[in-house]
**Student:** 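Can you read through this structure? Questions will come right after.
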Amino acid sequence: MQLVIVESPAKAKTIEKYLGGDFHVLASYGHIRDLPPKDGSVDPDNGFAMSWENYGDKGKQLKAIADEAKKADRLILATDPDREGEAISWHVQEVLRAKKALPQKVDRVTFNAITKAAVTEAMAQPRALDEDLIDAYRARRALDYLVGFTLSPVLWRKLPGAKSAGRVQSVALRLVVEREREIESFAPQEYWSVAAEMEQGGQSFTARLVRWKGEKIDRLTIGREGDAIAAKADVEAGRFTIDKVETKPLTRNPPPPFTTSTLQQEAARKLGFSASHTMRIAQQLYEDGAITYMRTDGVQMDGSAISAARKAIADRYDGGYLPEKPRQYQTKAKNAQEAHEAIRPTEFSRDKAGSGDHARLYDLIFKRALASQMASARLERTTIDMVDGSGSHTLRATGQVVIFPGFLALYEEGRDDSDDDDSKLLPRLAEGDAPAKKQVSAEQHFTQPPPRYSEASLVKRLEELGIGRPSTYASTLQVLKDRDYVRVEKNRFFAEESGRLVTAFLERFFERYVSYDFTAGLEDELDDISGGRAQWQQVLEAFWRDFKPKTAEVMEQKPSDITAELDKFLEPMLFPPKADGSNPRACPMCGDGQLSLRGGRFGAFIACSNYPECKYTRKFGQPGGKEGEDTGPEVLGQHPETGQDIVRKSGRFGPYIEMGEGKEAKRGSIPKDLPDGELTLDWAVKLLSLPREVGLHPETGKPIVANIGRFGPYLLHDGKYGRLSNTAEIFEVGMNSAVVKLAEAASRGGRGAAREPLKLLGAHPRTEAEIKVMEGRYGPYVTDGTTNATLPKTVTPDALTLEEAAQLIDTKAASAPPKKGKKKAPAKKAAGAKKDASAKKEAGAKKPAAKKAPAKTKAASAG
């Protein structure tokens, strides 16, 4: 028997169909062991020796693999064809060796696609494990461990509120933070554009003023309204004739098939997928045999695939869409061992696969791969200059005409943050023509700051800088979200306060290790290891020799000294110069105090030097002088009964109101759904009066209470809950309505609101099952009715998206152990035992027959 090991059960099921009865395929369910998250897992003083630990939830699977391996004549390691796949195979081999269950013959096979031809061919060409790739995996894993477990404790002790740092994660975060700084420091500049709407032969087109009074007009030349109005008047008064028509032929070549990086970028642009979601769907398409391996830096396609693509093009389009020669693309990846074939369909005759997100991603992969072998698009770019009678003013119109679409008939690559003004069509025009002038406009504009990174543009920038590897981008970006270092709004990354502070700390004290050049250079060294050009322990030694002393030096500093250094380092951002020349550090509340950065239990903030007399504070992430900054506590007025001040404040969990001081103070969170979004004194008094007793339940005589909880307004009666729709209802709900709501909540589940959804997210994008957020005994969780997945502590129900919930459910379902069958076996066993007992009793009476029974049983089992 030959035992084959792959990563996933889906992959195992697919390839087992292609192999003969002599093969048994088992899944490892991904990595089977890792470095335990504790000190000493990597020992730099002992040649960077690593102490590996088996995953606790893989015990059953490892036992099954070991049991089968003991019976096997040959072990075939058929995990994915990359560094991680090589590492999984190596781990399986080492664990089986430790268990003394390793067969005498061990082979490694790889295939780029899960098709019968690819699998059969791979089985006929086995090889040994690639030691260079394994060394590269060990070096990368040790490096990430050493950075994380050496730098993170420094953050915890010296920077309250910080959660972790990482070799690639921190550099990716720096990109997001630096873009945020660029946006904040950007000074918009006013400019005006003057354009005329013209018409020729019944077709309208727009021409912009490019020369005025004999001077060339750039985008920022007209900076005042008065000049714009004067230029508009000159255009209105002039009679423009066409002075020059310039036509240039253009050729656009198709982009190459997808790599991991370009797939993530294009799926983000066109489908709105996160990198992690894209990779999860692509993994499933690969395991189903629909596409080739999806972790690749290569853009080349196999010769047979190119032939199949060209045949599909010929079948679909006429001959003009098929170039004379096949297109050949060359990868730019430095590491040839990891530069596999591009991502493409396994069969170009199959233009659809799967449903939902699977179908959408497959369609993107199919069209991109097919388009890569199609003919170039031929276009014509036309530029028309129109001059007035004086020759002083010139209008220009540009347009683009598609002469032959070529690959554009099937696919056009998306772009980030681009406006294409040249793609408009123009009427047929000739020199001397005088198009009719219909309308002239002067429009005010302001220069815009650079756009925040989208997932696509951030992945692209990381790849351009050579930071990390495309296969790790999805997990890297997910960590930034999970740590609350960034938030994503409208598919754009915003740097959170905690992320900005961590970045400032690393830039000030570990500048080298978050520099782009250093991180990219380290990636090159890791690639050299996988290519056999460098020794992994020497690379680690060179890094550790400088890194360890630096962390020890920072660890010795007092937290107050760290904060003081950050205060100076961040001064340009936190306390920028004011337009009136006044002191940007002057406290706006007391007037004579100086503002500075302080460290608190929950992170950094800005406070007055006159504390505790002056209690002015503002959030760390709000630069001084910016519109909308937190000006500290705001007195809303006095309570009508107590006469005490009611103060609006900002805390770790958002804005709140407070009345009184110290332990006797009464506080209340400010709900987000107040009428008109404003907090008035009347509303503050109402909120501080909570909880509100609606009355006594007519059946039990026990009180019904309305209040605001962690997940919004609710009713409480005798330990049972009912949800209210909004904050206003807390103060409006009457006894009859409250009794009905509690009864409805109870009918949905025995524990009232514990069975009522906290939030309805919608239909699962793949299974169509409704996804709900529920409150459980151990916290909130999401469910599709079949699988329950606990929410991570870093995710709140209010912030959870449908896609994130679906991903949690899919991950939970994939990691769940196979369901056990109905417990009918014991009953059969009991019956069998009873039969055996009868047989034994009979055998006891007939001893000669008993001697033959074992031989018969053995023969039956052998058969």
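Since the structure is predicted, the reported quantities are computational estimates derived from the model, not experimental observations. Position 1 is the first residue of the sequence, and the numbers go up from there.
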**Student:** Decide yes or no for Leu395 and Val235: does some side-chain heavy atom of the first lie under 4.5 Å from some side-chain heavy atom of the second?
**Tutor:** yes
**Student:** Identify all side-chain donor-acceptor contacts of residues 359-380 below 3.5 Å with residues at least two apart in sequence or on another chain.
**Tutor:**
unit_1: Arg360; atom_1: NH1; unit_2: Asp357; atom_2: OD1; d: 3.4
unit_1: Tyr362; atom_1: OH; unit_2: Arg350; atom_2: O; d: 2.5
unit_1: Asp363; atom_1: OD2; unit_2: Lys367; atom_2: NZ; d: 3.3
unit_1: Arg368; atom_1: NE; unit_2: Pro256; atom_2: O; d: 2.6
unit_1: Arg368; atom_1: NH1; unit_2: Tyr411; atom_2: OH; d: 3.0
unit_1: Arg368; atom_1: NH1; unit_2: Glu413; atom_2: OE2; d: 3.4
unit_1: Arg368; atom_1: NH2; unit_2: Pro256; atom_2: O; d: 3.3
unit_1: Ser372; atom_1: OG; unit_2: Ala369; atom_2: O; d: 2.6
unit_1: Gln373; atom_1: OE1; unit_2: Arg327; atom_2: N; d: 2.9
unit_1: Gln373; atom_1: NE2; unit_2: Arg327; atom_2: O; d: 2.9
unit_1: Ser376; atom_1: OG; unit_2: Asn253; atom_2: OD1; d: 2.6
unit_1: Ser376; atom_1: OG; unit_2: Arg327; atom_2: NH2; d: 2.8

**Student:** Determine whether more than 12 heavy atoms belonging to other residues, nucleotides or ligands lie under 6.0 Å from atom CZ of Arg508.
**Tutor:** yes
**Student:** Quick check: closest heavy atoms across Leu465 and Ala520, and the distance to 0.1 Å?
**Tutor:** O-CB, 3.1 Å
**Student:** Has Asn726 got more than 12 heavy atoms of other residues, nucleotides or ligands less than 6.0 Å from its CG?
**Tutor:** yes
**Student:** Is it true that a side-chain atom of Thr383 and a backbone atom of Thr247 form a donor plus acceptor pair closer than 3.5 Å?
**Tutor:** no
**Student:** Any sub-3.5 Å donor-acceptor pair from Thr476's side-chain atoms to Thr472's backbone N or O?
**Tutor:** yes
**Student:** Could you please spell out the steps behind the side chain to side chain contact (heavy atoms under 4.5 Å, CB included) verdict for Arg648 and Ile670?
**Tutor:** CA-CA 9 Å; Arg648 181 188 184 281; Ile670 300 175; 3.9 Å; yes
**Student:** Can you check whether Pro470's main-chain N or O pairs, donor with acceptor, with Glu463's side chain at less than 3.5 Å?
**Tutor:** no
**Student:** Does the Ser392 side chain pair with the main chain of Gly214, one donor and one acceptor, at a distance under 3.5 Å?
**Tutor:** no
**Student:** How many angstroms lie between CD in Glu266 and OG1 in Thr259, if you round to the nearest 0.5 Å?
**Tutor:** 11.0 Å
**Student:** Is there a donor-acceptor contact under 3.5 Å linking the side chains of Asp227 and Trp192?
**Tutor:** no
**Student:** What I'd like to find out is whether the side chain of Glu523 reaches to under 4.5 Å of the side chain of Ile467, using heavy atoms alone.
**Tutor:** no
**Student:** For the CG atom of Leu597 and the CD1 atom of Ile606, what is their distance to the nearest 0.5 Å?
**Tutor:** 5.0 Å
**Student:** In Å, rounded to the nearest 0.5 Å, how long is the span from CD1 of Ile217 to CZ of Arg396?
**Tutor:** 12.0 Å
**Student:** Please walk me through it: do Val210 and Lys216 pass side chain to side chain contact (heavy atoms under 4.5 Å, CB included)?
**Tutor:** CA-CA 6 Å; Val210 295; Lys216 184 181 177 182; over 6 Å; no
**Student:** Search all heavy atoms of Leu429 against all heavy atoms of Phe205 and return the closest pair with its distance.
**Tutor:** CD1-CZ, 4.0 Å
**Student:** Using the salt bridge (charged side-chain N to carboxylate O under 4.0 Å, His left out) criterion, which residues pair with Glu489? Sequence neighbours excluded.
**Tutor:** Arg487
**Student:** Might you work through the salt bridge (Lys or Arg N to Asp or Glu O under 4.0 Å) test for Glu507 and Arg181, ending with a clear yes or no?
**Tutor:** CA-CA 14 Å; Glu507 286 179 313; Arg181 292 173 187 163; 2.7 Å; yes
**Student:** Between Asp580 (side chain) and Ser582 (backbone), is there a donor-acceptor pair under 3.5 Å?
**Tutor:** yes
**Student:** Going by ring pair (Phe, Tyr, Trp, His ring centres under 6.0 Å), name the residues that satisfy it together with Phe569, two or more places apart in sequence or in a different chain.
**Tutor:** none
**Student:** Should Val171 and Leu175 count as side-chain neighbours, where that means a heavy-atom distance under 4.5 Å?
**Tutor:** no
**Student:** Which heavy atom of Ala434 sits nearest a heavy atom of Thr241, and at what distance?
**Tutor:** CB-CG2, 3.8 Å
**Student:** Do Phe186 and Thr447 come within less than 4.5 Å of each other through their side chains, counting heavy atoms only?
**Tutor:** yes
**Student:** Gly499 and Val177: which non-hydrogen atoms are nearest, and at how many Å?
**Tutor:** O-CG2, 3.8 Å
**Student:** For Arg219, what residues pass the salt bridge (charged side-chain N to carboxylate O under 4.0 Å, His left out) criterion, not counting sequence neighbours?
**Tutor:** none
**Student:** Could you check if a side-chain atom of Val194 sits within less than 4.5 angstrom of a side-chain atom of Glu443, using non-hydrogen atoms only?
**Tutor:** no
**Student:** Taking salt bridge (charged side-chain N to carboxylate O under 4.0 Å, His left out) as the definition, give me every residue that meets it alongside Glu571, ordered by chain and number, with sequence neighbours left out.
**Tutor:** Arg585
**Student:** Keeping the roles fixed (side chain from Ser204, backbone from Glu199), state whether a donor-acceptor pair exists under 3.5 Å.
**Tutor:** no
**Student:** Give the intermediate values and the outcome of side chain to side chain contact (heavy atoms under 4.5 Å, CB included) for residues Glu455 and Tyr473.
**Tutor:** CA-CA 10 Å; Glu455 191 140 325; Tyr473 291 155; over 6 Å; no
**Student:** State, without any angle test, whether Glu190 and Gln444 hold a side-chain donor-acceptor pair at a distance under 3.5 Å.
**Tutor:** yes
**Student:** If we count only N and O atoms by modelled type, under 3.5 Å, do the side chains of Gln265 and Ser261 hold a donor and an acceptor together?
**Tutor:** yes
**Student:** Would you confirm whether Thr260, through its side chain, and Thr296, through its main-chain N or O, come within 3.5 Å as a donor-acceptor pair?
**Tutor:** yes
**Student:** Looking at OG1 of Thr221 and CZ of Arg211, how far apart are the two atoms once the value is rounded to the nearest 0.5 Å?
**Tutor:** 11.0 Å
**Student:** Taking Asp388 for the side chain and His393 for the main chain, is one N or O donor matched with an acceptor at less than 3.5 Å?
**Tutor:** yes
**Student:** Between Val502 and Arg483, is any pair of side-chain heavy atoms under 4.5 Å apart?
**Tutor:** no
**Student:** With Tyr317, which residues qualify under ring pair (Phe, Tyr, Trp, His ring centres under 6.0 Å), at least two apart?
**Tutor:** Tyr321
**Student:** Within the side chain of Lys437, is there an N or O that forms a donor-acceptor pair under 3.5 Å with the backbone of Glu236?
**Tutor:** yes
**Student:** Quick one: pull up CD in Gln400 and OG1 in Thr398 and give me the separation to the nearest 0.5 Å.
**Tutor:** 9.0 Å
**Student:** Shortest non-hydrogen contact from Val176 to Leu458?
**Tutor:** CG2-CD2, 3.9 Å
**Student:** Would Gln169 and Tyr485 count as a side chain to side chain contact (heavy atoms under 4.5 Å, CB included) here? Give the steps.
**Tutor:** CA-CA 10 Å; Gln169 138 198 349; Tyr485 287 160; 3.8 Å; yes
**Student:** Is the side chain of Arg310 donor-acceptor paired with the backbone N or O of Pro323 at a distance under 3.5 Å, no angle test?
**Tutor:** yes
**Student:** Drop me the distance from Ile306's CD1 to Arg344's CZ, to the nearest 0.5 angstrom.
**Tutor:** 9.0 Å
**Student:** Would you say the side chain of Phe494 lies within less than 4.5 Å of the side chain of Arg492, judging by non-hydrogen atoms?
**Tutor:** yes
**Student:** Report the C-alpha distance between Arg452 and Glu180 in whole Å, list the side-chain angles of each, state the deciding distance to 0.1 Å, and finish with yes or no for salt bridge (Lys or Arg N to Asp or Glu O under 4.0 Å).
**Tutor:** CA-CA 7 Å; Arg452 288 182 173 86; Glu180 201 76 33; 2.7 Å; yes
**Student:** Any salt bridge linking Arg500 with Glu178? Criterion: basic side-chain nitrogen under 4.0 Å from a carboxylate oxygen.
**Tutor:** no
**Student:** Give the minimum heavy-atom separation between Ala231 and Leu209, together with the two atoms involved.
**Tutor:** CB-CD2, 3.9 Å
**Student:** Less than 4.5 Å apart, any side-chain heavy atom of Phe575 and any of Asn583?
**Tutor:** no
